[in-house]
Every structure is written in structure tokens, then in C-alpha cells.
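The next block holds one structure in the form of C-alpha cells; read it before the comments.
For clarity, every value in this text was computed on a predicted model and none was experimentally measured.
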Amino acid sequence: MTAAPLTPDQRAKEQAIAFALGADTAILLVITVVALLGGSLTLMAESVRGALMDAIEGFALLVMRRIHRGRLVGFEFGPGKLEQVATLAIAIGMLGGAVWIALGAAALATGERAIGTPLGLALAAIVGALNTYINLIAWDAVRRAARGERSLIMQGQLTARTVKLVSSLVVQFSLTVAAISTDDLVIAWADAAGAFFVVGFIVVTAVGMLRAGFSDLVDRAVEEEVQHAINRALARHFGDYDRFERVRSRRSGQRVFIEVALGFDGRLTMEEVDRRITALSATMQGEIAEADIAILASSHRV
């Protein structure tokens, strides 16, 4: 089966995320090298955070590309479970990295770890400034691609890019203080403070991912307000069907999957049944965001 050609909008979204990811990967390599050679713990923390966040963005791009090309149709309830498993694995890795960085920052603040070399700290500040500039460009590219867009992936990418830009500004301040100071104590505390900030950023992000991932990974009923919305839609179209048989619903990632089985008067034409099903689906779509609705029809004589 030949995949449908990409629309200009789909291509623009993929290119925006791919550009941002490529820029991140390039600067991440530089950050890691400078952090290892120069001894800046803040920059090392940034390299750990950047590697894990790039893994998330790379997975999001992969999912988006496969969705656009119709290659995930084999998932009965969409790719939500696949996304959640990958997200949980990355979140656990982020927490492990946060613990390692926090121990190093504590050792640096207490004098048990040597501060970076003057040249290394200067290079760290320069690389940090370059990272901030790249984050600004990438944020603007995603912001323009997501303008007026309701896609969860694009909105998630825009939120992540905004947080990343603000974080890079804070880290840049810490790196600059450590680079220009001549007092070893100030250098140690500035570098440790920057590392602790990145640790806090990682922990908050990872905990949020774990909370969202665990709740969606297990099979569970949808929220009560969604159930009420389904009932309201069925009540509004009560005269359109003759028999209510069942309703099944579940959540996979951010999407809600709803299956409704209804019985219709066997004397109705197929065209009329389709019209009534379309009207009911439209009502449910208006009531429930991100809903995938399937209405199964059976006929009988009254």
C-alpha cells in the first residue's frame, strides 16, 4: 500500500522538529567535549540533560513521521502505549542522571571535588552562550511551525523548547559567573548552583513524565467527565437510534478511544443511518477533545 504524499503542513512540522533536533545534537557534542576537558560540572549536567531530552525529541519525530506516512495503523488504539513505554524509560534514565549530578555538585560545594580550569570554565561559558543562541533559533522555528496548531506533539515540542530556552539562560548566568570570578569559593558555588539547577529541572521533568506515563500505561476507565460527555451526546440524539447496546472507552496516551454499539430501525436506508451516525459522532467530537470515535450499527424491525 503506497503512503499518501505529505502535505506542506506535515512537511513543515517534521522539518521544524528535525532542524531543532539536529542543532541540539551538534551543540551537545561540543558541550560534552568541553565539559569533560574543562571540568565544568554545570556543563556536564547540561550534557546529560540534553542527551536524554534529545532522545525524547527524536522519538517524537519518529512517531510523527510514521503517523504522517500511515505506518502506525496496525496499533488498534494508536501508538499511545508505545510512546508511554519510551517516555517511562527515558524518565528513569533522567532520574539516574540527576542523582549522579547532584552527588557531584555536593562534592564540589564542599570542596571534595576540584573546580574546573580557568580555560575550561571560559570555554564552558562560550559554549553555553552558543547553546543559548541555538535554543533561541530552534524555539522560534518550532513556534512558527506550531502557530495555530492543535497537534499535541507540536504543542509539547513548543512547551519543551520554551522551558529549554529559559533553562539555558539560567545556566549561562552560572557559567559566566564561574568563568569571570577569581575566587575559588565563588567558582565552586557558581558551578555547583548551576548543576543543582539542572538537577532540579531534570527531576521535575522526569517526575511529570512518570506521573503521566504510569497513569496511561495501565488500562483504566476514562475520566468521569468523559463518561458524562458520552451520555450527553447519546441523550441529545436519543431519537436517532432505537436501541442502545453498549459503550466502551479507554485512553491511550492523550487520545480517548470510544466505541458505541447502537441498534437502528431496519426500515431506514443506509444513507439515513450514516447521516445519524455522522451527526452523533460530530456531537461527541465537540464534547470530547482528542477523541477517536467508532459507532457500530445493527438493524432490526420494530
Exercise. Would Ile295 and Phe244 show up in the same hydrophobic cluster when neighbours are defined by side-chain heavy atoms closer than 4.5 Å?
Worked result: yes
Exercise. If two hydrophobic side chains count as joined below 4.5 Å and joins carry through other members, does Val127 share a cluster with Ile134?
Worked result: yes
Problem set entry | Joint cluster assignment, Phe196 & Leu95, ILVMFWY side-chain distance < 4.5 Å | no
Exercise. Under a 4.5 Å cut-off applied to non-hydrogen side-chain atoms, are Leu296 and Glu259 in contact?
Worked result: yes
Problem set entry | Straight-line distance of Ile258 CD1 to Gln285 CD, nearest 0.5 Å | 8.0 Å
Problem set entry | Common cluster, Leu169/Trp139, ILVMFWY with side-chain heavy-atom separation under 4.5 Å | no
Exercise. Out of curiosity, Ile126 CD1 to Leu175 CG, how far, rounded to the nearest 0.5 Å?
Worked result: 11.0 Å
Exercise. So which residues get pulled into Leu37's cluster when ILVMFWY side chains under 4.5 Å apart are joined, directly or through others?
Worked result: Val33
For this session: Report, as yes or no, whether the 6.0 Å neighbourhood of atom CZ on Phe173 holds more than 12 heavy atoms from other residues, nucleotides or ligands.
Result: no
Exercise. Looking at side-chain heavy atoms only, is the closest gap between Leu130 and Val30 below 4.5 Å?
Worked result: no
Seminar exercise, completed: Taken to the nearest 0.5 Å, the spacing of Ile115 CD1 from Leu185 CG works out to 9.5 Å
Exercise. Which atom names give the shortest non-hydrogen contact between Ala179 and Ala125, and what distance separates them?
Worked result: CB-CB, 3.9 Å
Problem set entry | Nearest heavy-atom neighbours spanning Gly58 and Leu21 | CA-CD2, 3.6 Å
Exercise. With a 4.5 Å heavy-atom cut-off, do Val48 and Trp100 have their side chains touching?
Worked result: yes
Exercise. Is any side-chain heavy atom of Val260 closer than 4.5 Å to a side-chain heavy atom of Ile293?
Worked result: no
For this session: Answer whether the closest heavy-atom distance between the side chains of Phe197 and Thr42 falls below 4.5 Å.
Result: no
Seminar exercise, completed: Closest heavy-atom pair, Thr283 versus Ala233, reported as atoms and distance to 0.1 Å, is CG2-CB, 3.8 Å
Exercise. Mind checking whether Val207 and Val203 have side chains closer than 4.5 Å, heavy atoms only?
Worked result: yes
Could you list the donor-acceptor pairs under 3.5 angstrom formed by side chains in residues 275-282, with sequence neighbours left out?
unit_1 : atom_1 : unit_2 : atom_2 : d
Arg275 : NE     : Glu272 : OE1    : 3.2
Arg275 : NE     : Glu272 : OE2    : 3.3
Arg275 : NH2    : Glu272 : OE2    : 2.7
Arg276 : NE     : Glu272 : OE2    : 2.9
Arg276 : NH1    : Asp240 : O      : 2.8
Thr278 : OG1    : Asp274 : O      : 2.8
Ser281 : OG     : Ile277 : O      : 3.0

Exercise. Could you give the distance from CD1 (Ile202) to CD (Glu46), rounded to the nearest 0.5 Å?
Worked result: 8.0 Å
Exercise. Looking only at heavy atoms, what is the nearest atom pair of Leu41 and Asp191, with distance?
Worked result: N-OD2, 3.0 Å
Exercise. Is there a donor-acceptor pair under 3.5 Å between the side chain of Ser181 and the backbone N or O of Val177?
Worked result: no
For this session: Return the set of residues passing side chain to side chain contact (heavy atoms under 4.5 Å, CB included) with Ala141 (not counting sequence neighbours), or none when no residue passes.
Result: Phe19, Arg144
Seminar exercise, completed: Nearest heavy-atom contact between Leu43 and Ile31 is O-CG2, 3.4 Å
For this session: Give a yes or no on whether Leu108 and Met44 share a hydrophobic cluster (residues Ile, Leu, Val, Met, Phe, Trp, Tyr; joining criterion: side-chain heavy atoms under 4.5 Å apart).
Result: no
